[in-house]
Participant: 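The following block contains the structure, expressed as structure tokens.
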Amino acid sequence: MSGHQQSAVNDGDSDEIVEAELVADDELLSAPTVHRSHPPRPLVDQHTILYPGEAVPTEADAPAYTRTDFEVSAGTAQRLRDKSRPANTSRNYSSERRKFAG
């Protein structure tokens with residue numbers, strides 16, 4: 001296989017389908033390294049519930065996202081740009097506007 005290709009894998013032990021994009025080794029990026037000079041802040045708010053024995057969640061527990069987590073390949077971006085809008089979009093929009101206009 002060459003280039004960027006979509007692949008579905010099913011290992012036979014489960015019904016889970018995993019989608020992956022094959023990339024060359026030189027395209028792989030390492031995970032970001034976070035250097036902290038202070039202890040991680042606790043991440044709690046009025047909705048946080050801690051069960052007995054559970055530690056307070058901190059920034060260190062949160063995933064570290066990078067641009068590559070959100071960026072699509074050039075080919076995917078072009079396909080999305082070239083794709084036309086669904087035909088029923090304006091019809092649905094107009095219908096919903098009429099429901100709430102009156």
Side-chain angles (χ1 to χ4, degrees):
M1 292 183 188
S2 63
H4 297 281
Q5 297 180 358
Q6 295 288 332
S7 175
V9 177
N10 190 341
D11 61 2
D13 294 336
S14 70
D15 292 336
E16 181 181 8
I17 296 175
V18 179
E19 291 188 34
E21 185 173 345
L22 301 176
V23 295
D25 287 340
D26 60 343
E27 292 181 49
L28 297 177
L29 300 175
S30 60
T33 305
V34 178
H35 300 286
R36 299 193 187 278
S37 59
H38 57 350
R41 283 185 332 148
L43 296 176
V44 295
D45 62 13
Q46 70 271 24
H47 303 291
T48 303
I49 299 173
L50 294 176
Y51 295 98
E54 189 176 15
V56 174
T58 64
E59 289 176 336
D61 300 325
Y65 295 108
T66 64
R67 181 178 177 86
T68 56
D69 294 315
F70 301 101
E71 195 171 87
V72 297
S73 69
T76 300
Q78 188 61 43
R79 281 193 305 274
L80 291 170
R81 272 189 228 105
D82 294 342
K83 185 177 178 182
S84 63
R85 185 170 84 165
N88 68 345
T89 300
S90 59
R91 183 172 52 241
N92 287 345
Y93 177 78
S94 299
S95 172
E96 293 302 311
R97 295 276 299 173
R98 279 193 301 273
K99 286 180 186 177
F100 293 100

Participant: Nearest heavy-atom pair of P57 and L50: which atoms, and what distance?
Facilitator: CD-CD2, 3.9 Å
Participant: Not counting sequence neighbours, which residues clear salt bridge (Lys or Arg N to Asp or Glu O under 4.0 Å) with R67? List them please.
Facilitator: E71
Participant: Could you report the tightest heavy-atom contact between E54 and I49, atom names first, then the distance?
Facilitator: OE1-O, 3.8 Å
Participant: How close do A64 and D69 get, heavy atom to heavy atom, and via which atoms?
Facilitator: O-OD2, 4.0 Å
Participant: Heavy atoms only: give me the nearest V56-D61 pair and the separation to one decimal.
Facilitator: O-OD2, 4.1 Å
